[in-house]
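Presented below is the structure to which this report refers.
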Amino acid sequence: MLYNSTENKKEVVSASQAIAQGISKDGGLFVPQEIPEYDINTIKDLLQLDYKGIAKKVFSDYLSDFTAEEIEDCVNKAYTDTKFGSDNPAPLVAKKYNGIDANILELWHGPTCAFKDMALQILPHLLTKSLKKTNDGKDAVILVATSGDTGKAALEGFKDVEHTKIIVFYPAQGVSPMQKHQMNTQEGSNVKVCAIEGNFDDAQTGVKKIFTTHEISEKLEKNNMMFSSANSINWGRLLPQIVYYIAAYCEMVNSGKIALGDKMNVVVPTGNFGNILASYYAFCMGLPINKFICASNSNNVLTDFINTGVYDKNRQFYTTISPSMDILVSSNLERLLYKLSNDNDEFTKDCMSKLKTEGKYEVTPEVKDAVSNAFYGGFCDDRATKETIAKMYKDENYLCDTHTAVAVNVYDKYVQETGDKTPTVIASTASPYKFSKSVLSAVNEGNDIPDSEFDMVDMLNDITKVDIPAPLASLKNKQVRFSDTINVEDMPNYVLDSLGIK
Ligand SMILES: *Cc1c(COP(=O)(O)O)cnc(C)c1O
């Protein structure tokens, strides 16, 4: 199977090239030229497999230049019970909200307690194998822009991985104290972490600019290095996320919630549109999905896009209690536009260049209809997010994080509006302890909250008796290693300095 750029169909690469490069030279994103199709008998066979088994099948259908042994090795190293706490890295928990069944897909049992681990525990293995196939002897420099969770998950995945270096940029005021502490205490000899004065979009634009600046790439080349990406613009990030939607479907069937062939809905708390896009790819492969419910916080650019066909980032940016969704430029929407326009690279390129120059584009009526037939867009603000956490905790004794709460809230709105009772899977993207302050103030309203992050964690644990994930508990005693803050304009020099190739 080959991959091409969303902005130029003639730019064709192998799977390993797509993963090693991360992004196409023309700035487009790599997409599979054909999507493997799973008929009902294929899905029936998957019902017998565990998570790793499903992962191996899906990877082997997309990564045609990897051997079965290579894929087996990557999957076995990534999804171990030592890293994810059990043999099932993505457990499905049955709860109710407002009287309606909500099947919560907990994707945060990995080493950094956010769903990003599902992809970033395997990406380094896929990437090092891809590098061996495509770029003899070059070291990969992974540049990451993060709204909090990707940074830590990438650092943890790539630390001390041979022939890689990783540099993470995060918005100085845009991450939770726990997220910041997780990153600034990162261990490993090949890692670097730096705050920027700006928001996530500034960080992401800065990184994209470095990737596409010819001069900088040449300097790396001379020093036997090349850039790659661990953001969800890299196909190697999206592919592992397709797996858990298929696994969740199998579990819905195996547990008798639906019959084989019945449809389910998915609800995804969305920022960069990577996670929800992975569910859409699963659907394109043949997984029976009825509706994709795209949940946003007050940065509701996607809600408006789904409802109107106009994407307009010229609006106020809000810093919310669900910071990993504080995004106005959702990079992966580019892949959806390409798909829904029947692989029209010129159309996609045109939209993306309008986004760059005017901050805005409008899709054709056909694409608009395709979007709003498949997707439902909704959003909720911080107050509603906290109310949802409180209600879920009070009614079900279940503690969810701020991002997951946005998804639950929007799902409730969807059911009220449409009356659709299709069994539904809600993606839960982080441990509540990553956002202790907001979660604590939601379940402990009116009472004083301690100042220190770790006292908040302990208090939340005292009140709810929900276990603190071990990786967060152990952070308390870790040394801070990184404290740089720079302006966005200085990012290129910071990178070259860090690599010692000024
Ligand atoms: C990254 C992240 C999201 C958003 O996911 P996208 O793939 O960027 O849409 C939601 N919740 C949490 C906790 C995250 O870390």
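First listed ligand is number 1; within each ligand, the first listed atom is number 1. All values derive from a computational prediction rather than experimental measurement.
For the 3.5 Å distance criterion, the side chains of Arg335 and Asn332 qualify, holding a donor opposite an acceptor.
With sequence neighbours excluded, the residues forming a ring pair (Phe, Tyr, Trp, His ring centres under 6.0 Å) with Tyr280 are Phe283, Phe292, Phe375, listed by chain and number. Tyr398 is linked by a ring pair (Phe, Tyr, Trp, His ring centres under 6.0 Å) to nothing, counting only residues two or more places apart in sequence or in another chain.
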Run through all N or O atoms in ligand 1 and write down each protein N or O closer than 3.5 Å, as a pair with its distance.
residue, atom, partner, partner atom, Å
ligand 1, 7 (O), Gly274, N, 3.3
ligand 1, 7 (O), Asn275, N, 2.9
ligand 1, 8 (O), Asn272, N, 2.8
ligand 1, 9 (O), Gly271, N, 2.8
ligand 1, 9 (O), Asn272, N, 3.2
ligand 1, 9 (O), Phe273, N, 3.1
ligand 1, 11 (N), Thr429, OG1, 2.8
ligand 1, 15 (O), Lys116, NZ, 2.6
ligand 1, 15 (O), Asp149, OD2, 2.5

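Using a distance-only test at 3.5 Å, with no hydrogens or angles considered, a donor-acceptor pair links the side chain of Asn234 to the main chain of Ser229. Looking at Ser176, its side chain does come within 3.5 Å of a backbone N or O of Gln179 through a donor-acceptor pair.
Pairs of residues two or more places apart, or lying in two chains, never qualify as salt bridge (charged side-chain N to carboxylate O under 4.0 Å, His left out) while including a residue from residues 404-413.
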